[in-house]
Amino acid sequence: MEKENLLEISNLKVEYKTDEAVVYALNGVGLEIKRGETLGLVGETGAGKTTLAMSILRLLPKNVGTVREGSIIFDGKDLLCEREDHMLVYRGKRISMIFQDPMTSLNPLMRVGDQIAEILELHNDEKLTQEQISHKVDQMLEMVGIATERKNDYPHQFSGGMKQRVVIAISLACEPELLIADEPTTALDVTIQAQVLNMMTDLKTRLAHP
Ligand SMILES: Nc1ncnc2c1ncn2[C@@H]1O[C@H](COP(=O)(O)OP(=O)(O)OP(=O)(O)O)[C@@H](O)[C@H]1O
Ligand SMILES: [Mg+2]
């Protein structure tokens, strides 16, 4: 039997309304992703890649960005019909997102280890103790190749590539079923870009076959 789609987007139409004009950002986009599959989206600037990512998590700017038509079926449920408070279960837990610039995703005033712990505490369905959470933070740092001794450092003490590794550690901490990466390496220099992409591929293989 063919595996069911984890994500199925059909005929998605999104527009932005500003004072000057209406921008038709997505005009009937469709795609399918099965569990364990990787899908790359290519398009020139302004093509609507970020808009698509934001639509999935229902994070389009309020009163400006609107889904006009279509469906976003995740694991059998249309996210566009879910209650707003229900979306909190999806965001960061079942579906996680890595943004372009690590500096806008990390809190500059918080130690990196605490930022990984924060997401684990927010979605702590397994009722992990503080000690177990701390252990998991160490595991996540090791997984992305950062020495655990650095967990008490602040983001500004890390290089660009290391910051993006921390972002990836945060995004994978809750073992999401779907990881959306919106140009996760654009802010990095070319050699670090390759490292981060290789690491993501490697993590995908390891998480799929533990
Ligand atoms: N908040 C907004 N208000 C009005 N228009 C917007 C807004 N955000 C995006 N747009 C418009 O929607 C279209 C798609 O933008 P989007 O950011 O999704 O493109 P992108 O493919 O991610 O581009 P890039 O590769 O530059 O990141 C563009 O025409 C853009 O100007
Ligand atoms: Mg974009």
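First listed ligand is number 1; within each ligand, the first listed atom is number 1.
- In terms of N/O distances under 3.5 Å, ligand 1 is approached by Gly46.
- Below 30°, between 30° and 60°, or above 60°: for His86 and Tyr90 the angle between ring planes is between 30° and 60°, a tilted geometry.
- Screening Val144, Leu120, Val112, Ile116 for a side chain to side chain contact (heavy atoms under 4.5 Å, CB included) involving Ile170 leaves a single residue, Ile116.
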(request) Begin with the C-alpha distance, continue with both residues' side-chain angles, and end with the deciding distance and a verdict on side chain to side chain donor-acceptor pair (under 3.5 Å) for Asn11 and Glu69. (result) CA-CA 7 Å; Asn11 191 34; Glu69 229 185 292; 2.9 Å; yes
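- Of all atoms in ligand 1, listed by their number and element, those nearer than 4.0 Å to a heavy atom of Thr50 are 17 (O), 18 (O), 20 (P), 22 (O), 27 (O).
- For the residue pair Asp138 / Thr148, no side-chain donor-acceptor distance below 3.5 Å is found, with atom types taken as modelled.
- Here's the thing with Ala47: one of its N/O atoms is less than 3.5 angstrom from an N/O atom of ligand 1.
- Within ligand 1, counting atoms from 1 as listed, the ones closer than 4.0 Å to a heavy atom of Ala25 are 12 (O), 13 (C).
- Considering Ala53, Pro61, Ser55 only, the shortest heavy-atom separation from atom 1 (N) of ligand 1 involves Pro61.
- For atom 25 (O) of ligand 1, the nearest protein heavy atom lies closer than 4.0 Å.
- The presence of a protein heavy atom under 4.0 Å from atom 14 (C) of ligand 1 is confirmed.
- At least one N/O/S atom of Thr50, from backbone or side chain, sits under 2.8 Å from the Mg ion (ligand 2).
- The shortest N/O to N/O separation between Gly48 and ligand 1 falls below 3.5 Å.
- Protein heavy atom nearest atom 30 (C) of ligand 1, with residue, atom name and distance: Val23 CG1, 4.8 Å.
- At least one heavy atom of Glu183 sits under 4.0 Å from some atom of ligand 1.
- If you number the atoms of ligand 1 from 1 as listed, the ones under 4.0 Å from a heavy atom of Thr51 come out as 14 (C), 15 (O), 16 (P), 18 (O).
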(message) Between Ser71 and Asp78, does the side chain to side chain donor-acceptor pair (under 3.5 Å) criterion hold? Intermediate values first, please.
(response) CA-CA 6 Å; Ser71 57; Asp78 191 344; 4.7 Å; no
